[in-house]
Amino acid sequence: MEKLTVVMTGGTSGFGAVTAKELISTSETRVFLGYRDKQVAGAEHIPLDLSSLDNVRAFVSGIVEKLGQGKIQVLICNAGMNCPDINSRTVDGFETTFAVNHLAHFYLLKLLLPHLDTNAGIIMTTSGTHDPDENALSAPPKHANAIWLAHPEKDKTLDNKMIINAQRAYSSSKLCTILTIRFLAASNEANHKKWQCISYDPGPTPGTGLLQKGTFFMRLAWQVFTIPFLRKRILPKSNSIRDAGVTLAGLALGKVEVPEGKVYAALRAGELTFPSPSKLAQNEALMKELWKDSELLLNNALIKLA
Ligand SMILES: NC(=O)c1ccc[n+]([C@@H]2O[C@H](COP(=O)([O-])OP(=O)(O)OC[C@H]3O[C@@H](n4cnc5c(N)ncnc54)[C@H](OP(=O)(O)O)[C@@H]3O)[C@@H](O)[C@H]2O)c1
């Protein structure tokens, strides 16, 4: 029997490492992980730093070389980070949270599309922070304008408080994830090849490395909330790292029945739900504009790299 080939970013720590281990423990899989320094036993590792487009290209070349004539059955874009401000820039000159969470994955996705099998699953990790109705602890997005997000100095909606801008950079990047998945799901190619496109929102999942660049008190609270009693009481919709990781693995292996037409899956208090994403995430014009602007940003950056 042919093994299921899985390519995953963000499988080296946090709940993604739980997912990777679950996938590896299934004998029918061959798992490729993008990695910086941490590795997961049983996976095949290829270096990946999403803060560099050149690095993304090298990662994809490495995957393609290892695949030979083979195809990818599951692509999981789970890596993500959260800068404490909007001042840092990647080597390509883009705001880092947006560049790592959205633009690098957009590039990776575009490069890997020709290598995806018929019936492939494409899962990109988003966040409930994209939706103002979730009343998350983080400021929701004002827009999904890729040019403003890549170059915040052009953004006319910036707040006076840096912490709010940083939170918006994160929540906006996760809004971009849903819009990207929606665009892909609606494409002729996805329909023709019967791809299953899902944006996965793990819900608040304390204890991961996501807030490692946050203040001391944020990091402390993030650890304290791993105590199940406190987590369930103070963050009732939250999940354990194990539940978030195992659920993502279940989606990847097709163990979860996704209702027809749904592209947003949200884990809430251990239960996978399929709500509608935010109003901005459902906006068709925004979806098309984001794809076009992301291509424009990429093309300009790639010309400089050539
Ligand atoms: N935890 C939550 O409450 C929560 C809620 C909603 C959504 N999410 C999303 O869930 C995903 C996983 O987050 P997590 O909470 O498990 O956080 P985490 O523990 O910090 O894991 C993040 C993963 O992304 C990788 N990564 C980060 N920056 C990277 C870069 N520049 N290049 C390559 N890989 C990079 C990390 O690699 P290393 O192992 O090398 O560090 C790690 O594997 C993220 O997309 C996050 O935004 C998390």
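Between the side chains of Asp131 and Ser278, no donor N or O sits under 3.5 Å from an acceptor N or O. Residues Thr96 and Ser88 bring a donor and an acceptor atom of their side chains to less than 3.5 Å of each other. Using modelled atom types and a 3.5 Å distance limit, the side chains of His102 and Thr177 yield no donor-acceptor pair. With hydrogens and angles left out, the side-chain atoms of Thr273 and Arg268 include no donor and acceptor closer than 3.5 Å. In the model, Ser52 has no side-chain atom that pairs as donor or acceptor with a side-chain atom of Asp54 under 3.5 Å. Defined by atom type and a distance below 3.5 Å, a donor-acceptor pair is present between the side-chain atoms of His105 and Thr9.
Residue Asn188 places its CG atom among 12 or fewer non-hydrogen atoms of other residues, nucleotides or ligands, all under 6.0 Å distant. The number of heavy-atom neighbours closer than 6.0 Å to CG of Leu230, taken from other residues, nucleotides and ligands shown, is above 12. In Glu189, the CD atom is crowded: over 12 heavy atoms of neighbouring residues, nucleotides or ligands sit closer than 6.0 Å. Under a cut-off of 6.0 angstrom, the local environment of CZ in Arg219 is crowded, with over 12 non-hydrogen atoms contributed by other residues, nucleotides or ligands. Within a 6.0 Å radius of NZ in Lys279, other residues, nucleotides and ligands contribute 12 heavy atoms or fewer.
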### Task
For salt bridge (Lys or Arg N to Asp or Glu O under 4.0 Å), just list the numbers for Glu22 and Arg242, CA-CA rounded to whole Å, side-chain angles, deciding distance to a tenth of an Å, and then say yes or no.
CA-CA 10 Å; Glu22 283 285 304; Arg242 176 143 191 87; 3.2 Å; yes

### Task
Check the pair Glu257 / Lys262 against salt bridge (Lys or Arg N to Asp or Glu O under 4.0 Å), numbers first and verdict last.
CA-CA 11 Å; Glu257 187 77 29; Lys262 292 287 182 183; over 6 Å; no

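Interatomic distance, Asp201 CG to Ser127 OG, rounded to the nearest 0.5 Å: 5.5 Å. Residue Ile147 holds its CD1 atom at 4.5 Å from CG of Asp293, rounded to the nearest 0.5 Å. In this structure, CD1 on Ile86 lies 7.5 Å from CG on Asp155, to the nearest 0.5 angstrom. With rounding to the nearest 0.5 angstrom, the CE atom of Met218 is 12.0 Å from the CG atom of Leu220. Annotation: the span from Leu179 atom CG to Leu184 atom CG amounts to 12.5 Å, rounded to 0.5 Å.
Between Tyr200 and Leu267 the shortest heavy-atom distance is OH-CD2, 3.6 Å. Across all non-hydrogen atoms, the minimal contact from Ile178 to Ala281 is CG2-CB, 4.0 Å. The two residues Ala150 and Leu297 come nearest to each other via the heavy atoms CB-CD1, 3.8 Å.
For the pair Thr5/Val74, no side-chain contact is recorded, criterion being any heavy-atom separation below 4.5 Å from C-beta on. With contacts defined as side-chain heavy-atom distances shorter than 4.5 Å, the pair Leu296/Asn299 does not qualify.
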Side-chain donor-acceptor pairs of residues 108-118 under 3.5 Å, sequence neighbours excluded:
residue, atom, partner, partner atom, Å
Lys110, NZ, Glu295, OE2, 2.3
Asp117, OD2, Gln73, NE2, 2.7

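Judged by distance alone, with hydrogens and angles left aside, the side-chain atoms of Arg168 form a donor-acceptor pair with the main-chain N or O of Pro140 at under 3.5 Å. Side chain of Thr90 to main chain of Ala99: no donor-acceptor pair is present (N/O by atom type, distance under 3.5 Å, no hydrogens or angles). At least one donor-acceptor pair under 3.5 Å links the side chain of Thr29 to the backbone N or O of Leu23.
Between Tyr264 and His130, the ring planes lie perpendicular to each other; the angle is over 60°, past the 30° to 60° tilted range.
Put simply, the residue from Lys194, Lys193, Gln196 that forms a side chain to side chain contact (heavy atoms under 4.5 Å, CB included) with Asn119 is Lys194.
Note on Arg89 versus Glu95: no salt bridge recorded, every NZ/NE/NH1/NH2 to OD/OE distance being 4.0 Å or above.
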